[in-house]
Q: 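Before I ask anything, let me first share the structure, which is written out below as structure tokens.
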Amino acid sequence: MKKFLGLEFGSTRIKAVLIDEKHATASSGDYTWKSSFENGVWTYPLEEAWVGLKAALRGVEGREDVAGVGVSGMMHGYLAFDKDWKLLTPFRTWQNTMTAQSAEELTNLFGFNIPQRWSIAHLYQAILNGEEHISRVAHITTLAGYIHHALTGVNAVGVGEASGMFPIDDATGKYNEAMLDKFDAHIAAKNLPWKIRDVLPTPLMAGKNAGTLTKEGAALLDGLLAEGVPFAPPEGDVGTGMTATNAVAPRTGNVSAGTSIFAMVVLERPLKNIHPEIDIVATPEGRPAAMVHCNNCTNDINAWVGMLRETAEMFGAKVSTGDLYTMLYKKSLEGAADCDGVLVYNYMAGESVTHLDSGRPLVMRRPDSSFTLANFMRSQIYGTMATMCIGMELLHEENVAIDSLTGHGGLFKTPGVGQRYMAAACKAPVTCMETAGEGGPYGMALLAAYMVCREAGESLSDYLKNKVFAGAKGVTLAPDEADVKGFEAYLANYTAGLAAEEAAVKAF
């Protein structure tokens, strides 16, 4: 029986998921890691990426039957290499908010929103900064693109991943030619020894063969995978999240909620206006999609849960991590629908949606608020999605239609809690499937299966609808009217209180 392997370099875990021909998970492994803030930059060491990948692979049983592999990773960011693929500067992740000037200038130049975390924004900011390495740049890519090249020798990324590096032309599935020319003309006075076309990886549509595991690549993995296995185009966590939730067709959407949170809606038509809060990216098939991306989601909850665990252990209590999260999430259901004036700002990092370049985690309440565990935990969970919902309101103003919204990621692991609040926040039914907690690597495994198993002319959308999710089990929750009103009240307080968050950033 053929099996397909999805590898993902997530924000907190490096994961490997093996699926069978029926697209069911057969085995998995993982490795925990985290970013560090070094010299003003959020980064991960690439050496640890390889340690973690091998550790995750060792946890996967049945690797010898793999018929297709795909690599996914944190979308966006900046990895710059010289002609010999030597890293020129530490990996700059999506968490960094250091490119405000370049993002604004490029948005004006292109007439197209360029977010701070996009690769082209980082490259241009490095040019504006006069950074020494710029003259030696031969390749820029993403984390998934780097791993894929090291394993296969092919310098390519999936079109969805490419759309977080440089704008994509919807008609061709390639980089926008007019914008490439504008960029080169704009930096011509810098007299750099390269053109932008020279340094970007090649975009590839889903279903294309993106190379095979080379002898050198197999050696990097200590022989854990066999030389010659084919690789699908590497995708970012946005594209794999769409795939894992069957949200690649127009009017479908998904919300990925883990260390970061983002909502994706596949568009029927272009937006009327440019919104700095909304990215226009591509599905793995090259369809345009609107994304509201926020840097902060569950990190602050994780810190509070750790402190609550420490408190419980002082009294000799022993509880598993999973049970602790489940109990606290369920406790939140007892809280007031508007959290009774308890506000949580989970800003470990800055947020472009609310125009803050850095963050300070903050809990705030009125003197007459009922500061109970239930209200606090409900506010914690509301806070994970509040900033995203500020951006989502712009899609409502653009009359973007959403027929279905699927949730995946750690926020949805406790049934009926995060899903219920998300439905109220987005004012749309939210579906969670059995794979809700592990969207990324599972979605990448599906893309590998699609590459190998698809029929001639079969679209990814049809493959997912007819062969993967036709009998999938899921639970759909419609918005509860009381929850909707409660979240609206919470969001109004949250928006007004952003002045306090801004003041905290300036003062502390």
Q: Which atoms form the tightest heavy-atom contact between Arg13 and Trp33, and what is the distance?
A: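 In terms of heavy atoms, the two residues are closest at N-CD1, 3.8 Å.
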
Q: Looking at Gln116 and Ala100, what are the two nearest heavy atoms and their distance?
A: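 Taking Gln116 first and Ala100 second, the nearest heavy atoms are OE1-N, 3.2 Å.
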
Q: Around atom CD of Glu48, are there more than 12 heavy atoms from other residues, nucleotides or ligands closer than 6.0 Å?
A: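 Yes, CD of Glu48 has more than 12 neighbouring heavy atoms, counting only those of other groups under 6.0 Å.
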
Q: Around Arg287, counting heavy atoms of other residues, nucleotides and ligands shown, do more than 12 lie under 6.0 Å from its CZ?
A: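 Open: at most 12 neighbouring heavy atoms sit under 6.0 Å from CZ of Arg287.
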
Q: Counting only N and O atoms by type, is there a donor-acceptor contact under 3.5 Å from the side chain of Tyr44 to the main-chain atoms of Ser11?
A: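 It does hold such a pair.
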
Q: What's the shortest heavy-atom distance between Ala103 and Ile114, and which atoms?
A: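 Taking Ala103 first and Ile114 second, the nearest heavy atoms are CB-O, 3.2 Å.
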
Q: Under a 4.5 Å cut-off applied to non-hydrogen side-chain atoms, are Val69 and Leu213 in contact?
A: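 A side-chain contact is absent here, since even the closest heavy-atom pair is not under 4.5 Å.
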
Q: Quick check: does any side chain N or O of Thr384 sit under 3.5 Å from a backbone N or O of Cys297, one acting as donor and the other as acceptor?
A: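 Here the side-chain-to-backbone pair does not exist.
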
Q: For Glu38, check salt bridge (charged side-chain N to carboxylate O under 4.0 Å, His left out) against everything at least two apart and list the hits.
A: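 Checked Glu38 against salt bridge (charged side-chain N to carboxylate O under 4.0 Å, His left out); zero matches.
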
Q: With sequence neighbours excluded, tell me which residues meet salt bridge (charged side-chain N to carboxylate O under 4.0 Å, His left out) with Arg197.
A: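 Listed in chain order: Glu177, Asp181, Asp184.
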
Q: Is there a donor-acceptor contact under 3.5 Å from the side chain of Asn295 to the main chain of Gly350?
A: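 Yes: the side chain of Asn295 pairs with the backbone of Gly350.
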
Q: Salt bridge between Lys427 and Glu393, side-chain N to carboxylate O under 4.0 Å?
A: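 Result for this pair is yes, salt bridge flagged.
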
Q: List the steps, then state whether side-chain contact (heavy atoms from CB on, under 4.5 Å) holds for Ile196 with Ile120.
A: CA-CA 9 Å; Ile196 187 60; Ile120 190 62; 3.7 Å; yes

Q: Backbone N or O of Arg92 within a donor-acceptor pair of the Tyr78 side chain at under 3.5 Å?
A: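 Checking the backbone N and O of Arg92 against the side chain of Tyr78, no donor-acceptor pair under 3.5 Å is found.
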
Q: With no hydrogens and no angle check, do the side chains of Tyr347 and Thr387 hold a donor and an acceptor under 3.5 Å apart?
A: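 Side-chain D/A pair, Tyr347 to Thr387: present.
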
Q: Once you round to the nearest 0.5 Å, how far does CG of Leu123 lie from CD1 of Ile127?
A: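 Nearest 0.5 Å value for the CG-CD1 distance: 4.5 Å.
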
Q: Does the Asn296 side chain pair with the main chain of Ala349, one donor and one acceptor, at a distance under 3.5 Å?
A: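 It does hold such a pair.
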
Q: Nearest heavy-atom pair of Ala232 and Ala448: which atoms, and what distance?
A: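 That closest heavy-atom pairing would be CB-CA, 4.0 Å.
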
Q: Is a donor on one side and an acceptor on the other found under 3.5 Å between the side chain of Asn129 and the backbone of Glu131?
A: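 Answer holds: no.
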
Q: Quick one: NE2 on His148 to OG1 on Thr141, what's the gap to the nearest 0.5 Å?
A: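 Between His148 NE2 and Thr141 OG1, I get 9.5 Å after rounding to 0.5 Å.
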
Q: Please determine if Arg360 and Glu501 form a salt bridge, counting it only when a charged side-chain N lies under 4.0 Å from a carboxylate O.
A: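 Looking at Arg360 and Glu501, the cut-off is not met.
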
Q: First locate atom CG of Leu446, then atom CE of Met242, and finally report the distance between them rounded to the nearest 0.5 Å.
A: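 So the CG of Leu446 and the CE of Met242 are separated by 14.5 Å.
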
Q: Could you tell me whether His23 and Phe4 have their ring centroids closer than 6.0 angstrom?
A: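 Between His23 and Phe4, the centre distance exceeds or equals 6.0 Å.
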
Q: About how many Å separate CD1 of Ile390 and CD of Glu277, when rounded to the nearest 0.5 Å?
A: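 Rounded to the nearest 0.5 Å, the CD-CD1 separation comes out at 9.5 Å.
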
Q: With distance as the sole test, does Tyr175 use its side chain to make a donor-acceptor pair with the main-chain N or O of Thr202 at under 3.5 Å?
A: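 No, because the side chain of Tyr175 does not come within donor-acceptor range (under 3.5 Å) of the backbone of Thr202.
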
Q: As a quick check of understanding, evaluate side-chain contact (heavy atoms from CB on, under 4.5 Å) for Trp42 and Phe91, giving each step before the final call.
A: CA-CA 8 Å; Trp42 287 104; Phe91 175 30; over 6 Å; no

Q: How far does CZ of Arg136 sit from CG of Asp84, to the nearest 0.5 angstrom?
A: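 Nearest 0.5 Å value for the CZ-CG distance: 11.0 Å.
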
Q: Mind checking whether Phe112 and Trp118 have parallel, tilted or perpendicular rings, split at 30° and 60°?
A: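 Rings of Phe112 and Trp118: tilted, 30 to 60°.
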
Q: Apply the side-chain hydrogen bond (donor to acceptor under 3.5 Å, both in side chains) test between His139 and each candidate in Trp85, Trp194, Tyr146; give the one that qualifies.
A: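 Of the listed options, the one satisfying the test is Trp85.
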
Q: Set out, in order, the CA-CA distance, both residues' side-chain angles and the distance that settles ring-ring contact (aromatic ring centres under 6.0 Å, His included) for Tyr463 and Phe469, then state yes or no.
A: CA-CA 9 Å; Tyr463 183 87; Phe469 295 105; 9.8 Å; no

Q: Checking Ser102 against Gln125: is there a side-chain donor and acceptor pair closer than 3.5 Å?
A: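 Judged by distance alone, the side chains do pair up.
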
Q: Kindly say whether Gly73 contributes a backbone atom to a donor-acceptor pair with the side chain of Glu8 at under 3.5 angstrom?
A: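 No, the answer is negative, given that no donor and acceptor are paired below the 3.5 Å cut-off.
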
Q: Using only heavy-atom distances, determine whether the side chains of Tyr124 and Glu105 contain a donor-acceptor pair under 3.5 Å.
A: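 Yes, Glu105 and Tyr124 have a side-chain donor paired with an acceptor closer than 3.5 Å.
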
Q: Donor-acceptor pair, distance only, cut-off 3.5 Å: does the side chain of Thr214 make one with the backbone of Leu151?
A: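 Flag set: sc Thr214 to bb Leu151 pair under 3.5 Å.
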
Q: Donor-acceptor check, side chain of Asp20 to backbone of Lys22, threshold 3.5 angstrom: yes or no?
A: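 Judged by distance alone, yes, a pair lies under 3.5 Å.
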
Q: Only one of Thr93, Thr99, Thr97, Asp279 clears side-chain hydrogen bond (donor to acceptor under 3.5 Å, both in side chains) with Arg117; which?
A: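 For Arg117, the side-chain hydrogen bond (donor to acceptor under 3.5 Å, both in side chains) check succeeds only for Asp279.
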
Q: Check this for me: does any side-chain nitrogen of one of Lys15 and Asp30 sit under 4.0 Å from a carboxylate oxygen of the other?
A: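 So Lys15 does not pair with Asp30 through a salt bridge.
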
Q: Atom CG in Asn246, atom OG1 in Thr252: separation rounded to 0.5 Å?
A: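 If I round to the nearest 0.5 Å, the distance is 7.0 Å.
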
Q: Quiz question: by atom type and distance under 3.5 Å, do the side chains of Glu285 and Ser461 form a donor-acceptor pair?
A: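 Looking only at side-chain atoms, Ser461 and Glu285 do not form any donor-acceptor pair under 3.5 Å.
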
Q: Are Thr431 and Thr476 linked by a side-chain donor-acceptor pair shorter than 3.5 Å?
A: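 Yes, a side-chain donor-acceptor pair sits under 3.5 Å.
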
Q: Please report the C-alpha distance between Glu458 and Lys467 in whole Å, then the side-chain angles of each, then the deciding distance to 0.1 Å, and finally whether the side-chain contact (heavy atoms from CB on, under 4.5 Å) criterion is met.
A: CA-CA 11 Å; Glu458 184 177 28; Lys467 296 180 178 177; 3.1 Å; yes

Q: Enumerate the residue pairs fulfilling side chain to side chain donor-acceptor pair (under 3.5 Å) with a member in residues 158-173, sequence neighbours excluded, ordered by first and then second residue.
A: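 Every pair satisfying side chain to side chain donor-acceptor pair (under 3.5 Å) with a residue in residues 158-173: Thr142-Glu161.
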
Q: NZ of Lys174: more than 12 outside heavy atoms within 6.0 angstrom?
A: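 Count not over threshold, so no.
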
Q: Could you walk me through whether His293 and Trp94 satisfy the side-chain contact (heavy atoms from CB on, under 4.5 Å) test, starting with their C-alpha distance in whole Å, then the side-chain angles of each, then the deciding distance to 0.1 Å, before giving a yes or no?
A: CA-CA 10 Å; His293 182 284; Trp94 54 271; 3.9 Å; yes

Q: How about Met75 and Thr240: do any of their side-chain heavy atoms sit closer than 4.5 Å?
A: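 When only atoms from C-beta onward are counted, Thr240 and Met75 do not touch, as no gap falls below 4.5 Å.
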
Q: For the residue pair Glu398 and His275, confirm or rule out a side-chain donor-acceptor distance under 3.5 Å.
A: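 There is such a pair between these side chains.
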
